[in-house]
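In listed order, ligands and their atoms are each counted from 1.
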Amino acid sequence: MPRPADDVPAIRAARLRALLQHHAQRYYVHDAPEIPDAEYDRLFAELQALEAAHPELLSADSPTQRVIGRVLEGFAPVHHAVPMLSIRTETDTTPAGALAFDERVRRELELPADAAPVEYAAELKFDGLAINLRYEGGVLVQAATRGDGETGEDVTQNIRTVRGRRGAGGQIPLRLAGEAPAVLEVRGEVYMRRDDFEELNARQREKGEKTFVNPRNAAAGAVRQLDPAIAARRPLSFFAYGVGEVQGWAAFNAPAATHSATLDALAAWGVPVCADRGVVRGAAGLAEFHRAMGERRDALPFDIDGVVYKVNALELHKRLGFVTREPRWAVAHKYPAQEQMTRLNAIEIQVGRTGKLTPVAKLEPVFVGGTTVSNATLHNLFELRRKGVRVGDTVIVRRAGDVIPEIVGRVPGVRPRYVPNFRMPRECPVCGSQVLREKGSIAHRCSGGLFCAAQRKQALLHFAGRRALDIEGLGDKLVDQLVDGGLIRTLPELYALDTARLAALERMAEKSAAKLVAGLQASKHTTLARFIYALGIGHVGEATAKDLARHFGGLERIIAARVDELLEVRDVGPVVAQSIRAFFDQAHNVEVVRQLRAAGVAWREDEGAADAARPRPLAGKTLVLTGTLPTLARDDAKTLIEGAGGKVAGSVSKKTDYVVAGEQAGAKLDKARELGVAVLDETGLRALLVRAA
Ligand code: IVH
């Protein structure tokens with residue numbers, strides 16, 4: 001926010017320094033930032049530009065001149081044998097960012113214009129906390145944070161508890177595998193996976209405790225926890241991206257040594273190294289890596305805020321050297337930020353499929369995580385109170401991966417005017433039914449059930465969803481019209497729709513009416529698992545629906561099953577079993593099932609059982625899909641593979657059995673070739689499946 005005299009460079013520079021100092025302190029020392037990283041970067045870039053234009057303003061204590069950070073009291077200081085430096089950030093998120101880096105490297109190396117392209121190691125930029133792991137004789141003897149780059153904090157006790165996620169790697173080895181060098185410092189990032197973060201926050205929310213702002217802060221806070229028992233309960237993972245001090249490792253000092261080979265060696269010693277990396281050539285190779293990873297960013301199990309490029313030949317690192325805080329041989333090339341500041345314009349209530357009332361923030365539209373966001377969840381009343389946000393506040397909105405955007409907190413500052421505290425309505429804003437909160441639950445719920453139009457709409461959308469009955473042509477807008485217009489009160493009434501009744505709806509073109517009728521017709525041929533999932537029974541997701549279908553083989557048997565019988569199904573616990581029993585104990589739910597079948601919804605009764613009996617020759621095999629296959633959509637390919645007992649993984653590793661590559665396959669294909677993993681096209685995949693059938 002501009003203030004008086006901000007146009008005087010000296011005053012503005014001083015203000016920026018004070019601001020940056022304050023925010024760096026919040027970020028590095030307290031693990032509790034008040035503004036999004038993107039805002040910090042903007043302030044930092046402004047100061048850099050100001051100092052470049054007015055060199056007389058530069059001072060040795062400017063945040064642009066040093067690595068910020070400080071040793072927290074309570075941890076012993078650790079002097080780094082090799083300083084832990086920072087990395088230059090390229091904030092231009094377009095391919096131009098890659099071009100600029102390559103150009104600079106070529107200039108610094110004084111390469112002639114016709115020289116061969118420079119080879120780079122390209123990696124992800126993990127969003128966590130930098131850690132130095134010191135192994136002596138292959139044994140982990142010390143772990144330290146970066147601190148100010150020269151001196152960090154001894155966090156060995158906490159780091160010993162980093163165990164990754166079951167089946168997904170990421171554990172810090174206490175002892176290296178095989179012949180390890182006399183001294184090896186592994187440098188990398190401790191981070192929290194998105195699933196671990198969501199689960200941790202859900203647990204915190206359930207207990208009515210403070211939730212964490214984002215995975216990075218949760219991870220950083222855990223590592224710098226003074227009580228190792230608390231740190232141990234936070235799910236952390238690790239990826240290595242480099243080394244510090246090295247003694248007794250001949251290959252590392254050989255003239256042909258490369259960064260990528262260094263990481264390969266770390267992986268061979270059992271240190272987690274991310275498989276999503278590659279060796280590329282020239283600016284075009286860098287730009288392509290940035291593009292391909294950008295496309296995959298949402299699908300990754302952890303947050304990244306960019307990619308990192310490093311000149312691959314270690315010999316060139318020495319020639320390129322460092323400038324103040326950053327090496328010339330590396331750069332971070334960013335992606336659009338996943339957190340931004342914006343104004344909270346209003347708080348509205350949304351009623352979900354199960355009647356749960358969710359406060360939703362109506363925001364001044366803001367570009368975050370690659371899309372424009374104008375709504376974000378505030379989860380529940382208690383969460384909202386804890387965050388202390390009010391209409392009119394400047395808030396931080398976060399959108400990462402497929403998770404719905406959420407408000408992580410407010411930016412401290414002046415409140416524009418008096419705004420009353422938010423309250424949950426006593427009556428459902430949609431149907432007027434009483435709002436209740438069960439004892440011990442933090443959720444407020446509308447008691448209207450399917451009488452409530454909002455719940456009916458959500459139930460219809462769930463029923464019609466791609467993974468349920470997959471009714472083509474039935475989207476939000478149409479569901480609104482059908483329910484608001486009184487055309488549909490129960491699920492089975494969907495199948496009574498015909499073109500004549502649909503044509504009566506406002507703005508309903510004949511073509512879309514015909515499309516929906518065809519979609520409804522097609523949806524009648526389904527599977528038992530999809531049908532069970534479509535009913536929207538509480539706690540019954542897609543996987544449970546599949547397990548139920550396979551276990552019981554017929555709907556009547558599920559409807560009749562006692563709780564103890566339901567408990568025999570894989571992964572079905574008491575909560576799920578009770579929920580299923582309670583659902584079918586309601587006569588009207590059984591009636592809905594009967595009417596749907598009367599309307600023609602059908603599946604082969606023994607299909608589930610047949611499924612169980614089918615041979616599964618892809619059992620134990622892990623496949624990775626990349627690029628666009630000629631005829632199979634990714635979801636369909638996945639269904640086929642899983643149907644044959646195989647597993648579909650997100651990234652290529654030595655454990656991958658096959659990579660199925662289509663058009664525009666990216667880094668995963670390179671990785672497969674590098675590791676010698678078998679690569680198939682769609683025809684090859686189909687051949688495997690036929691053999692499997
Ligand atoms: S290399 C001398 N590689 O980003 C170069 N850093 O702002 C040292 N980071 O402190 C860093 N992923 O914590 C490097 N693949 C990666 C990285 C990475 C995340 C972090 C690291 C560092 C910060 C730089």
Query raised in the report: Charged N to carboxylate O under 4.0 angstrom, Arg106 versus Glu103?
Result: no
Report summary line: Note: Ala130, heavy atoms under 4.0 Å from ligand 1, region reported as both
Query raised in the report: Mind checking whether Phe101 and His333 have ring centres under 6.0 Å apart?
Result: no
Query - Protein residue, atom and distance nearest to atom 11 (C) of ligand 1, heavy-atom basis - result: Tyr241 CE1, 3.9 Å
Query - Reported CD-to-CG distance for the pair Gln338 and Asp298, which is rounded to 0.5 angstrom - result: 7.5 Å
Query - Closest to atom 4 (O) of ligand 1 (judged by heavy-atom distance), picking from Glu189, Lys125, Glu123 - result: Lys125
Requested in this report: For atom 2 (C) of ligand 1, find the nearest protein heavy atom and state the residue, atom name and distance (0.1 Å precision).
Outcome: Pro327 CG, 3.4 Å
Query raised in the report: Should the pair Arg88-Glu90 be classified as a salt bridge under the 4.0 Å nitrogen-to-oxygen rule?
Result: yes
Query raised in the report: Where's the contact between Lys310 and ligand 1, heavy-atom distance under 4.0 Å: side chain, backbone, both or neither?
Result: side chain
Requested in this report: Could you say whether the N/O atoms of Leu124 and ligand 1 ever approach to under 3.5 Å?
Outcome: yes
Query raised in the report: Side chain, backbone, both or neither: which part of Thr89 comes within less than 4.0 Å of ligand 1 when only heavy atoms are counted?
Result: neither
Query raised in the report: Which atoms from ligand 1 have a heavy atom of Arg146 less than 4.0 Å away?
Result: 10 (O)
Query - atom 7 (O) of ligand 1 [closest protein heavy-atom partner, distance rounded to 0.1 Å] - result: Ile87 CG2, 3.1 Å
Query raised in the report: Hey, what's the ring geometry for Tyr191 with Phe126, parallel, tilted or perpendicular (30° and 60° as the breaks)?
Result: parallel
Query raised in the report: How close does the nearest protein non-hydrogen atom get to atom 12 (N) of ligand 1, and which residue and atom is it?
Result: Phe126 N, 3.1 Å
**Report entry** Under-4.0 Å heavy-atom contact with ligand 1, by part of Glu326 that carries it
**Finding:** neither
Query - For atom 8 (C) of ligand 1, the protein heavy atom that lies nearest, with its residue and separation - result: Leu85 O, 4.1 Å
Query raised in the report: Hey, mind stepping through Asp102 and Tyr120 against side chain to side chain donor-acceptor pair (under 3.5 Å) and telling me if it holds?
Result: CA-CA 9 Å; Asp102 181 56; Tyr120 296 102; 2.6 Å; yes
Query raised in the report: For Gln664, does the CD atom sit with more than 12 other heavy atoms under 6.0 Å from it, leaving out its own atoms?
Result: no
Query raised in the report: Taking the side chain from Arg328 and the backbone from Leu320, do they hold a donor-acceptor pair closer than 3.5 Å?
Result: yes
